[in-house]
Every structure is written in C-alpha cells, then in structure tokens.
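Here is the structure we will look at, set down as structure tokens.
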Amino acid sequence: MYLQFRDDVEAALVSALDELDLPTDDLGIEDPPEGVDAVLASSAAFRLAGEVGAPPPEVAGDIADEIDASEHELIDAASAQGPYVNFLPSDAYYEATVEEGQRADFGHLEPTGEEVVVEHTSANPTGPVHVGRARNPIVGDAVARVLAFAGHDVDRHYYVNDAGRQMAVFTWAYETFDEEDLPDPERDKADYDLVRYYRKGNEFLEAGDPDEVEEAEAEIQAIMQGLEEGDEETYERVQTVVDTVLGGMRESLDRLPAEFDEFVKETRFLRDGSADEVVSRLKELDEAVFEEEAWQLELDEFGIDKNFVFLRSDGTTLYTTRDIAHHEWKFDNYDRAITVIGEDHQLTFEQLRYALELLGHDTDQLEQVFYSWVNLPGGEGMSTREGTGIDLDDLLDEAIDRAREEVETRMDDRIRDDDLTDEDVERIAEQVGIGAVRYDIVSKQPSKAITFEWDRALDFEAQSAPYVQYVHARCCGILEEAGIDPTTSDTAVAGGFDASLLETEAERDLVEAIGRFPAVIETAAADLEPHLVATYTREFAETFNAFYRECPVLADDVDEDLRDARLALVAASKHAVGNALQVLGVAAPRSM
RNA sequence: GGGCGUGUGGCCUAGUGGACAGGGCAGGAGGUUCCUAACCUUCUGAUCGCGGGUUCGAAUCCCGUCACGCCCGCCA
C-alpha cells in the first residue's frame, strides 16, 4: 500500500505545483526521519524557493495549502513543517496495509516478465569452499532471491571453470600421485579427499626436480590442448576430477543453502565451437592485433592501456575468451545477465564488457556485483592451493555448535513452560547458527573488506539473525496461542478485524513499518543491494519489539475487537519479517 | 607508477545532496508474579581520514592529499 501511497503523494504534488505554476520535474519525495509523524515528505520547497522568491517554509506552506487531501483516498493530510511538506496517511491506508499483510506472499511485486540470470560463486573446482569465498554464494543467493521477489524470472547459474590450466594441473596430479604419499583428508568428503592431490601437485611444480617438472608441464600442456581440440578421452579424464570435487563443494553450498538451476561448464563453449567462432570474429575487429605470436585486442579507446590477449601463441583460448562465448549464450537466453564476482576480477570484467561491446552487443544488460575478499586477522589471505583459510564447513559446524550451547543454556532459565524436544533444539541450532553466518555477511555492503573473526561472525545478540528471528518466533507464538496455525498461509483472523482500533503510536509505527516492505524489495532489487533488506529487518524488529512491550494482544483485559485487530497486525508482521528473512536466505523459526 | 575500491565514537556498522549522523558491541544504571528477557529502558562516548572547493544546504558532489585493500599474467 506504501507504493500506492507514494503514487498518490506524487499525483498530489504534481497537481499542486501545476496549480502554482511551478515546475514538477523535482518532487523531492523522501522518507521523513524517525519521530516525524508522516509516511512521506517532500523537500521540493528548498529548490523552488529561488524561483518563487520566498523562503522555503513559505513555499512549503503554499504547496501544502494547495493540496486537497480529500481527493486522495490514502492521504489524510499534507502539512508544512518548516521547509518540508509532510504527508500523513489516512485510516484507509492503515486498514489496507494490515489487510495486504495478511497474505502469505506479502512483499512479492507484480511479475515483470523479465528473464534474469544471476551467476554467482563459480569457484574453481579445486577444493573445499572456504570462508574467503563464502561471501559469493551468500550475496549471490540473496541477489537472486530479491530479484525473484521483485517479480523477475530468475535462473541461478554456477559457471564451472573446467577448462583452465588449474584443472589440467589437477587432473595430472590426480593421475600421478599415490594416495599413500598424501596426508589424511580433513573430512571424509570428496572435495577434501581430492584437494590433497591438487596441493601436492602445485607443491611439486614449485619445488620439484627441474627435469621432472618439465615432464609434468608437458603432460599438463597436453591436457589443455586435448580440451581445446575437443578430444573426448581428455575431456572424460578432466571431468572425473571436476565432477567429483564439485560434488563435494555442492554439499557444502547446500548447507547455506545456495542452490543452482544450472551448472554451466566452460568446456561446453569449446565443444560446441562457439569459442572458436568468437575468436574468428574478434580477429576481424579493427582493434585486433597480432603481436608476439598472440592475438590481442587494443582497448585504449575504453581507457584500458593493457592489451587483452584472447588467443595464446599456442592457439588455445583464455578464460575471458571462453567467457565471451558464455555471455553471448546468456544474451541469447536472457534479458539481463548479473554476475556476483570478487573485486579481483574487475579488470577482467571490463575487458569482457568491452569485447562484447565491440562485437556489437548491448552491454547495458550486463551487470556486476563486486565483493571484497574476506581476510584472516593479521591481513593473511585464504588460499585453496596453499591450504590456508577457514573452511565453510568448519564455520557452519562451529556456528551450529555455539547456537546449540546457547539454546541449552537458555532452556535452564526460561520462564516459558513448553518443552523443547531434542529435534527442536537441533532445528533451532541449525536455523540460528547458519542464519547468523548468512546474516552477518549479507547485512554488510559487499564492497567493504571483512576481516574474519569467530566471535564477531557468531554473535547471537542484537543486530544479528537471531535478534530478527526471535521477532518471527514471537509472532508465531502469539498466533499459535490464539489458535491460529502460523505455518499455514491463511492467518487471517476469523470474522475480520477493524484496523481503526490500532490507535497507539506503537501500533501505527508497526503498520507503517509493515507497509514499507514492498518498497524495500523494490529498491533492493533495482540496486542489487540485498543488504537493504537486512537493514529493514533490523529496524522492523525494533519497531515490533516496541509494540510487543506496549500492546498486549492476548491479555484478559484486552477488548475482543482490539484483540482481533492486534492479531491481524501480528499476522502481517509475521509475513513481513518472515518474508524479509526469506529474501536473505535466513531461516524463520516458529519457535526458539 | 597507473586503475578500481574502502576510510563514520575504543571496536563493528547504516546512511551517496536535505529535518538533531541511526544502530549494535564493549562500559555505567535499571527492568521478568504479565502473549518467549536471544528482549526492553536509560547514561557515557563522533573535528564523518585530512585540506580546499561547489551549494541556501555536504558524511554524501568536485579537486588535492594520506592510509589500507584489490588489480595491472599468453593464470583463473
């Protein structure tokens, strides 16, 4: 209803400004600060003051006077407060917002029909997913979810780098070394098992006997050539390693959960000839040069001094060359292509973008979300090859263990009288533990660097997942107590409710917070910023807790009609906070 | 050296032109016979890295400068 209210405010402002013979290109509609009794405000008077020749407060007064609130169902009044014009919502607005919030799919926007592919994670299948990379599936999954909520048709892709030198090294190492020469795996899991060969192989290439290294390099080179030429046997050898390692990695990612509609393999674009075809088209470009035996693209017209090599002197393609073919395929099948990718790939992505542009594509449909690396305290990085860093599995295990301890401690001094079964404890530990990890990562702007610290990542107090999850559990608890099953989509209060009874400030604030949710989805999706949803959940939780403190729902001295209105408000709150958590990929527990 | 990004109380963080810079952690003081205290109330604590500029108005835009991170490979 907030979105409709905004439309009303816009229409009211436009007609008022028209009436006053003032320009309508800058309405200055914004959210008023906390404590101001309005849902929207306009700061247009600041800019119009010069034109009118009167101070802003006077202009604001004129605009407010010109607005007839009765023409707009959702607006109760427009009043000047200093230089601002504040818009107060009508009873119909509160009524409609609570009504809207009764729907289980509250917050979903109208279908747009736009087909969007979100590529994320795409970590090379070299070994266990570590925390340095964990930002990618968590942010990527949230980006995909918020776009889906905003009405787009979203596919999630994991691009599998199965054609590069790394996989050739891995395949060679896997076939060369004996298991008995390797350390025990850290976990009984395919990715932990095979990464030992990869590490051993890299160690050997760096410090091994020069003659033997040369021999190995020849074998690695042969594997790369075989892949490039589409040799079936080489392909099968590499795929054995790729699929095995990837299988292990997927198990870890599923725990978050980060799920994918498709795993798109790089070799696909070698095997179907599209990478070759890209190469021949690139060669035809005016910007293409053949220097030092390799084909390159000059990109100085785009401000990039460095030439982009797209074909090696040995005739094999490079990662970015294959990625061009990959993106042409995306453009054929989707309206927009979004990639969530580490900031270290920024230059590569520029090259990709400009190469696609030179090939005649509209690169406006290409968008990226870059994220900074997660470092260890002391500035140390995380590396699969060197085996430094924290594995995602270890982080999640630790998170669940700490959450379980927390649940057990709290059970001892609970005032509630229900009993949690062992299954409940385990469920809560998983929901809270994993939720805390996801929330900690998704709530921060991706561009900011993160230093990983156990205690900070696994803090279960305010401004964390459990703080928000607890609000959801409180809503469910109240509904359940009132005989409404919170797990069904139909939480509507039997016999209806009268929203006009919700008169206190705490109730009004809560209705307004509920109303904002669809607008938060709209902005977060448009800007590809899921952390806005996390900020919203935190603010929402604070607002709900104020309501919870001041407005009893089920107490004996609460009038029946008021009780029903408050129950409807709780149901709407449950949907707002529950669906917001869903967008973040954080579980919404019904009790904790 | 060049390019990109980041810099907000002791620590973490929101806020990219508009109403007193909003939270959390840590620290001080309180609150539970009442729908779950993973909660709430309250106090302490900020020259928004620094210096200029644009503007009626700047954490936000521009210029300069410093610090940190990432990139500058016929790796991915």
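In the text below, chain A, chain B and the rest are named by the order of the sequence lines, each starting its count at 1. All values reported here derive from a predicted model rather than from experimental measurement.
Pairing for U60(B) is absent, with no Watson-Crick or G-U wobble pair whose two atom distances lie under 3.5 Å. Shown here, A29(B) forms a base pair with U41(B); the pair counts as Watson-Crick or G-U wobble because both key distances fall under 3.5 Å. Across all strands shown, A67(B) pairs with U6(B); the Watson-Crick or G-U wobble distances both stay below 3.5 Å.
For Phe46(A), whose side chain is taken as the heavy atoms from C-beta onward, the closest listed nucleotide among C25(B), C56(B), C39(B) is C56(B). When distances are taken from the side chain of Asn545(A) to each of A38(B), C39(B), A37(B), the shortest belongs to C39(B). For Arg410(A), whose side chain is taken as the heavy atoms from C-beta onward, the closest listed nucleotide among C12(B), C72(B), A38(B) is A38(B). Here the side chain of Met592(A) is nearest to one of A19(B), C35(B), A38(B), namely A38(B). In the set A19(B), C75(B), C12(B), C75(B) carries the atom at the smallest distance from any side-chain atom of Arg312(A). Of the listed nucleotides (C35(B), C74(B), A38(B)), C74(B) has the atom at the smallest distance from the side chain of Ala294(A). Nearest to the side-chain atoms of Val553(A) among the listed nucleotides C40(B), C35(B), C56(B) stands C35(B). Nearest nucleotide to the Glu461(A) side chain, out of A19(B), C25(B), C35(B): C25(B). When distances are taken from the side chain of Glu343(A) to each of C35(B), C11(B), C70(B), the shortest belongs to C70(B). Relative to the side chain of Lys448(A), the nucleotides A19(B), G7(B), A38(B) differ in distance, and G7(B) lies closest.
In this structure, Arg404(A) pairs ionically with Asp401(A), as a charged nitrogen and a carboxylate oxygen lie closer than 4.0 Å. With respect to Glu522(A) and Arg6(A), a salt bridge is recorded, a charged nitrogen being found less than 4.0 Å from a carboxylate O. For Arg410(A) and Glu406(A), the salt-bridge test passes: some basic side-chain N is under 4.0 Å from an acidic carboxylate O.
Residue Ala482(A) is out of contact with every strand shown, counting any heavy-atom pair closer than 4.0 Å. Heavy atoms of Glu34(A) sit under 4.0 angstrom from at least one base atom. At a threshold of 4.0 angstrom between heavy atoms, the contacts of Pro32(A) include nucleobase atoms, whether or not backbone atoms are also involved. Using a 4.0 Å heavy-atom distance criterion, Val432(A) is classed as a base contact. Nucleic acid contact class of Leu532(A) (heavy atoms, under 4.0 Å, all strands): sugar-phosphate only. Within the nucleic acid shown, Glu542(A) comes within 4.0 Å of sugar-phosphate atoms alone, with no base atom in reach, counting heavy atoms only. Nucleic acid contact class of Cys475(A) (heavy atoms, under 4.0 Å, all strands): none. When heavy atoms are screened at a 4.0 angstrom cut-off, Arg322(A) is found touching the sugar-phosphate backbone but no base atom. Base contact: Tyr548(A) has a heavy atom under 4.0 Å from a base atom. Residue-level contact check: Ala473(A) touches the bases, meaning some heavy atom is under 4.0 Å from a base atom.
Using P as the reference atom, A26(B) and U65(B) are 41 Å apart when rounded to the nearest Å. The same atom, P, is picked in A67(B) and in C61(B); the two are 22 Å apart, to the nearest Å. Separating the C1' atom of U16(B) from that of C75(B) is a span of 36 Å, rounded to the nearest Å. The separation of C50(B) from C66(B), taken at their P atoms, amounts to 15 Å, rounded to a whole angstrom. With both ends at atom P, the span from C35(B) to G27(B) equals 30 Å, rounded to whole Å. Nucleotides C48(B) and U60(B) have their P atoms positioned 10 Å apart, rounded to a whole Å. When the P atom is compared between U47(B) and G1(B), the two are found 31 Å apart, to the nearest whole Å. Rounded to whole Å, the P atom of U33(B) lies 15 Å from the corresponding atom of A38(B).
Here the rule is side chain to side chain contact (heavy atoms under 4.5 Å, CB included) with Tyr159(A), and of His120(A), Arg322(A), Arg268(A), Lys265(A) only Arg322(A) fits it.
If you check distances only, the side chain of Ser372(A) never reaches the base of C70(B) with a donor-acceptor pair under 3.5 Å. Residue Thr348(A) places a side-chain atom within donor-acceptor reach of the base of A76(B), judged by atom type and a 3.5 Å distance cut-off alone. The base of A19(B) is paired with the side chain of Asn86(A) by a donor and an acceptor separated by under 3.5 Å.
C34(B) atom P lies 15 Å from atom CD1 of Ile478(A), rounded to whole Å. The interatomic distance linking Ile304(A) (CD1) with C72(B) (P) rounds to 13 Å, in whole Å. Atoms CD1 (Ile450(A)) and P (C70(B)) sit 15 Å apart, rounded to a whole Å. Computed from coordinates, the Leu347(A) CG to C75(B) C1' distance equals 13 Å when rounded to whole Å. Rounded to a whole Å, the NE2 atom of His472(A) is 20 Å from the P atom of C35(B). Straight-line distance from the NE2 atom of His531(A) to the C1' atom of G23(B): 14 Å, rounded to whole Å. Regarding Asp344(A), its CG atom lies at a distance of 20 Å from the P atom of C68(B), rounded to whole Å. Taking atom CG on Asp527(A) and atom P on G15(B), their separation rounds to 11 Å, with Å as the unit.
Between Pro23(A) and Leu17(A) the shortest heavy-atom distance is O-CD1, 3.7 Å. The two residues Val374(A) and Arg135(A) make their nearest non-hydrogen contact at CG2-CD, 4.0 Å.
For the pair Tyr371(A) and G69(B), the criterion of a side-chain N or O lying under 4.0 Å from OP1 or OP2 is not met. Not one side-chain nitrogen or oxygen of Lys306(A) sits closer than 4.0 Å to the OP1 or OP2 atom of C71(B). Look at Gln346(A) and you won't find any side-chain N or O under 4.0 angstrom from OP1 or OP2 of C72(B). Taking 4.0 angstrom as the limit, Arg47(A) places none of its side-chain polar atoms (N or O) nearer than this to OP1 or OP2 of U55(B). Under 4.0 angstrom from either OP1 or OP2 of A37(B) there lies at least one side-chain N or O belonging to Arg474(A).
If Glu529(A) and Arg549(A) are placed on RNA chain B by their nearest nucleotide, the residue sitting closer to the 5' end is Glu529(A). The residue among Val309(A) and Leu40(A) whose nearest nucleotide of RNA chain B lies closer to the 5′ end is Leu40(A).
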Step by step, work out the side-chain contact (heavy atoms from CB on, under 4.5 Å) result for Glu542(A) and Tyr467(A). CA-CA 9 Å; Glu542(A) 277 166 21; Tyr467(A) 175 72; 3.2 Å; yes
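Under a cut-off of 6.0 angstrom, the local environment of CD in Glu301(A) is crowded, with over 12 non-hydrogen atoms contributed by other residues, nucleotides or ligands. Residue Glu480(A) qualifies as enclosed at atom CD: its count of foreign heavy atoms under 6.0 Å is above 12. Surrounding CD of Glu229(A) are more than 12 heavy atoms belonging to other residues, nucleotides or ligands, all under 6.0 Å away.
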